[in-house]
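For reference, the structure discussed in these notes is given below.
First the proteins, then the strands, lettered A, B, ... as listed; each starts at 1.
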Protein chains: 2
Amino acid sequence: MTSVLVCDDSPLAREALRRAVATVPGVERVTTAANGEEVLRRWGADRSDLILMDVRMPGLGGVETVRRLLSADPGARIIMLTVAEDLDGVALAVAAGARGYLHKDASRAELRATVTQALADPTWRLAPRRLRSAEMGATPTLTAREIQVLEGMSHGRSNAEIGRELFLSEDTVKTHARRLFKKLGASDRAHAVALGFRWGLVR
Amino acid sequence: MTSVLVCDDSPLAREALRRAVATVPGVERVTTAANGEEVLRRWGADRSDLILMDVRMPGLGGVETVRRLLSADPGARIIMLTVAEDLDGVALAVAAGARGYLHKDASRAELRATVTQALADPTWRLAPRRLRSAEMGATPTLTAREIQVLEGMSHGRSNAEIGRELFLSEDTVKTHARRLFKKLGASDRAHAVALGFRWGLVR
DNA sequence: AAGACCGTAACTCTTTCGGGTGACCGTCGT
DNA sequence: ACGACGGTCACCCGAAAGAGTTACGGTCTT
């Protein structure tokens with residue numbers, strides 16, 4: 001029974017990862033956790049063959065979780081996940097005993113290849129790879145205009161105000177809005193803003 | 001000329017910190033940065049007497065920034081800022097040479113006391129303190145109901161839907177909405193959701 | 001005891017949104 | 001060269017949202 005534990009605090013990324021990992025040949029079960037504490041709890045109950053874990057998590061951070069996990073079970077295989085702009089945590093995690101890491105902007109295929117390899121070879125270590133975040137569960141790709149409109153929304157501006165700001169007619173803003181809603185799967189602007197934050201499209 | 005550099009990726013927290021630090025006796029200048037790269041850039045130009053820096057930042061993380069800062073100038077005084085649920089990064093940062101850290105949920109007074117002490121005594125180290133985030137620049141305090149409503153909004157639900165979900169009338173939901181808008185200073189629900197994310201009230 | 005919040009709810013009125021649809025133009029890739 | 005896509009704009013329409021106001025009972029603090 002080959003099982004993999006996926007841990008990421010972003011529900012969206014978590015689901016995307018879960019789905020991607022589930023397609024790896026040989027993987028029969030994928031469990032998920034939202035933070036380090038949850039990983040440790042699950043690990044106490046039933047041990048997975050491999051753990052994919054985000055470096056940056058609220059609560060117990062990735063690095064410390066790796067330490068605790070390995071002090072409990074030195075054989076645990078852990079691969080860290082990271083966004084492009086967070087290389088220090090990865091280095092620390094690998095130094096702490098993680099087997100390797102994956103950039104979140106790597107391809108789904110690379111993710112699967114890495115997981116396959118890690119599962120096949122218990123001694124596997126490192127070999128960094130990339131993966132386009134667009135492919136790790138379809139991160140929505142917004143155009144520059146759409147992001148500008150989304151940002152305007154996140155600052156509480158009306159369509160008319162956004163239009164004035166960007167020298168566009170309100171109707172044009174509405175068009176961009178409708179298109180970005182569709183891309184994000186948002187039902188309204190509040191939802192769109194939330195998804196923008198969850199996907200890291202706006203801050 | 002006593003100057004302090006404040007670094008936090010959250011614009012809201014950054015401003016709050018800036019204002020709090022500016023009230024410390026003896027501090028004549030407070031500069032800000034949004035990430036590690038910016039800190040290093042500023043540091044190259046003009047060195048502050050003290051740096052307050054968030055552990056968790058996009059881009060160059062707090063830990064690595066501490067390392068680079070200290071390798072350039074071993075005398076740099078750095079205090080890390082952290083949220084309650086992120087203790088590993090602090091330990092690493094302190095191990096890397098930071099003088100101490102502050103919980104973001106400490107009081108404004110404690111923040112000021114720590115800064116005062118760090119500025120007065122160049123050899124000062126550690127002495128962790130706390131500080132209520134509510135006081136570090138007036139983090140809005142929403143009631144449980146208001147947060148539930150805000151969360152509903154972040155999931156794209158209409159007021160009527162939120163009402164059905166919480167067994168409330170739509171009118172009541174609208175009342176909670178209006179109240180939370182006022183607390184957050186939001187102009188509409190999209191703005192409220194954005195502020196909720198920025199303040200860490202919703203995920 | 002008085003006041004300050006909070007949770008609940010209703011009513012009105014105006015503004016904004018979001019869907020649907022269509023259209024023109026430019027660019028880029030095939 | 002054709003088609004897909006993005007940016008621009010317009011019009012209609014019904015459904016929400018948001019502002020303003022009022023109200024009543026509960027809890028908690030002063």
Side-chain angles (χ1 to χ4, degrees), chain A residues 107 132-135 138-199 201-202, chain B residues 107 109 132-135 137-199 201-202:
Chain A
S107 74
R132 321 213 110 283
S133 48
E135 297 171 40
T139 301
T141 305
L142 300 191
T143 67
R145 265 298 192 236
E146 287 163 350
I147 286 183
Q148 287 179 316
V149 170
L150 183 58
E151 279 173 346
M153 290 178 182
S154 83
H155 291 304
R157 304 200 225 293
S158 69
N159 290 336
E161 284 170 335
I162 295 170
R164 256 170 263 137
E165 195 176 26
L166 300 178
F167 304 104
L168 299 176
S169 80
E170 183 182 347
D171 280 319
T172 301
V173 174
K174 286 172 91 172
T175 300
H176 290 308
R178 257 179 296 110
R179 288 181 181 166
L180 78 88
F181 288 171
K182 179 142 282 179
K183 284 184 181 177
L184 293 174
S187 51
D188 57 42
R189 48 182 48 218
H191 196 194
V193 167
L195 293 169
F197 272 91
R198 296 193 182 117
W199 282 119
L201 300 170
V202 294
Chain B
S107 73
R132 322 211 112 283
S133 49
E135 298 172 39
T139 302
T141 306
L142 300 190
T143 67
R145 265 300 192 234
E146 287 163 349
I147 286 182
Q148 287 179 316
V149 170
L150 183 58
E151 278 172 346
M153 290 179 182
S154 82
H155 291 302
R157 302 199 229 292
S158 69
N159 290 334
E161 284 170 335
I162 295 170
R164 256 170 263 136
E165 195 176 26
L166 301 177
F167 304 104
L168 299 175
S169 80
E170 182 183 347
D171 283 319
T172 301
V173 174
K174 286 172 101 171
T175 300
H176 289 307
R178 258 179 297 107
R179 287 178 182 168
L180 78 89
F181 288 173
K182 177 143 283 180
K183 285 183 181 177
L184 293 175
S187 51
D188 57 43
R189 50 181 49 218
H191 196 195
V193 166
L195 293 169
F197 272 91
R198 296 192 182 117
W199 282 118
L201 299 170
V202 294

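- Taking atom CD on B:E146 and atom C1' on C:dC6, their separation rounds to 8 Å, with Å as the unit.
- Note: NE2 (B:H191) to C1' (D:dG18) measures 15 Å, nearest angstrom.
- At a threshold of 4.5 Å between non-hydrogen side-chain atoms, the residues B:H191 and B:L184 do not count as touching.
- Using a 4.5 Å heavy-atom threshold, the side chains of A:R179 and A:T143 count as separate.
- To the nearest angstrom, C1' of D:dA15 lies 12 Å from CG of A:D188.
- Phosphate contact (OP1/OP2 of C:dA9, side-chain N/O of B:T172, threshold under 4.0 Å): present.
- Checking the phosphate oxygens (OP1, OP2) of C:dC5, no side-chain nitrogen or oxygen of B:K182 falls inside 4.0 Å.
- Among the atoms of the strands shown, base atoms are found under 4.0 Å from some heavy atom of B:R179.
- The side chain to side chain donor-acceptor pair (under 3.5 Å) search around B:E165 returns B:R157, not counting sequence neighbours.
- For a distance-only test at 3.5 Å, the side chain of B:R178 fails to qualify as a donor-acceptor partner of the base of D:dT22.
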A:E146 vs A:L150, side-chain contact (heavy atoms from CB on, under 4.5 Å): CA-CA, chis, key distance, verdict: CA-CA 6 Å; A:E146 287 163 350; A:L150 183 58; over 6 Å; no
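- Considering only side-chain N and O atoms, A:H176 lies nowhere under 4.0 angstrom from the phosphate OP1 or OP2 of D:dG6.
- Closest to the side chain of B:K183, out of C:dC6, C:dT8, C:dC17, is C:dC6.
- Atom CG of A:L180 and atom C1' of C:dG19 are 15 Å apart (whole Å).
- Between B:R145 and C:dC6, a side-chain N or O to OP1/OP2 separation shorter than 4.0 Å is absent.
- B:E161 approaches B:G156 most closely through the heavy-atom pair OE1-O, 4.0 Å.
- Rounding to the nearest 0.5 Å gives a distance of 4.5 Å between CZ of B:R145 and CG of B:L168.
- Residues of residues 156-169 of chain A that place a heavy atom closer than 4.0 Å to DNA chain C, in numerical order, are A:S158, A:N159.
- Between the NZ atom of B:K174 and the P atom of C:dC11 there is a distance of 12 Å, rounded to whole Å.
- The base of D:dC5 does not come close enough to the side chain of A:T143 for any donor and acceptor atom to sit less than 3.5 Å apart.
- No side-chain heavy atom of A:I162 sits under 4.5 Å from any side-chain heavy atom of A:H176.
- Summarising the geometry, the separation between CG on A:L184 and P on C:dG18 is reported as 13 Å, rounded to the nearest angstrom.
- Atom-to-atom, CG of A:D171 to C1' of D:dC9 comes out at 6 Å; the value is rounded to the nearest Å.
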